[in-house]
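These notes concern the structure reproduced below.
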Amino acid sequence: VPFTIHIAKLANGPGPLTYSGEISIASWLADRRDVRALGPLQVSLTARGSADGMTVDCDCSVDLEYGCARCLRPFREPLNYSFRERFTIKPESADEEEEIHLVRGDTVDLLPYVEEHLQLALPFVPVCGADCRGLCPVCGANRNERDCGCKEERIDPRLAGLKDFFKHDESR
Ligand SMILES: [Zn+2]
Ligand SMILES: [Zn+2]
């Protein structure tokens, strides 16, 4: 399994270990109805051994298709992210605050870290563009494509309360 690294061998071994590969991430996106992968995640990692563990640097990229949260149109965008994780085999060197993970066995499975950082890199609310004008709440037209001319009265619920307050005040 290429994403499982034998940390004890690396700690005492020669130079860094590098690996490039692909991971199918469809199951990682199962909870997101607004994102799907158009291909595998490309992963390129370097693991460098130290006296008591290793440091892993990882670059990842994947082509994604999102559903815009404003206009509901699908759009494609690559996602690139990088991360570093540090591991130690000595309990005294472990430090969760510094994010130095203690490894209790001989090997480290890096896949959970690759997934965790993917989830962190994904936008919570995908939008096709910062200037996306979304759908008209009155007629449903895509306002990026045409100006439907509907008039919207938007009253902030807090302001609505304030309006009542002033009415009440005037009637006294
Ligand atoms: Zn949009
Ligand atoms: Zn409209």
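Along the sequence shown, residues are numbered consecutively beginning with 1. Both ligands and their constituent atoms are indexed starting at 1 by order of listing. Both backbone and side-chain heavy atoms feed into the values below; hydrogens, waters and symmetry mates do not.
Note: angle at the Zn ion (ligand 2), from SG of Cys150 to SG of Cys136, is 110° (rounded to 10 degrees). Between the SG atom of Cys139 and the SG atom of Cys148, the angle taken at the Zn ion (ligand 2) works out to 110° after rounding to 10°.
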> When you look at Leu110 and Val43, which way does the side-chain contact (heavy atoms from CB on, under 4.5 Å) test go after all the steps?
Replying inline: CA-CA 11 Å; Leu110 294 174; Val43 180; over 6 Å; no

>> Run Leu64 and Leu29 through side-chain contact (heavy atoms from CB on, under 4.5 Å) and show every step you take.
In response: CA-CA 10 Å; Leu64 297 176; Leu29 298 174; 4.1 Å; yes

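Interatomic distance, CZ of Arg48 versus CG of Leu17, reported as 11.0 Å (0.5 Å rounding).
The shortest distance between side-chain heavy atoms of Pro137 and Arg143 falls below 4.5 Å. In this structure the side chain of Val108 reaches within 4.5 angstrom of the side chain of Met54, judged on heavy atoms.
Inspection of the environment of the Zn ion (ligand 1) yields the following protein N, O or S atoms under 2.8 Å: Cys68 SG, Cys71 SG, Cys128 SG, Cys132 SG.
Between His117 and Phe83, the ring-plane angle classifies as parallel under the 30° and 60° cut-offs. Using the six-membered ring where Trp is involved, Phe75 and Tyr66 have ring planes that are parallel, under 30° apart on the 30 and 60° scheme.
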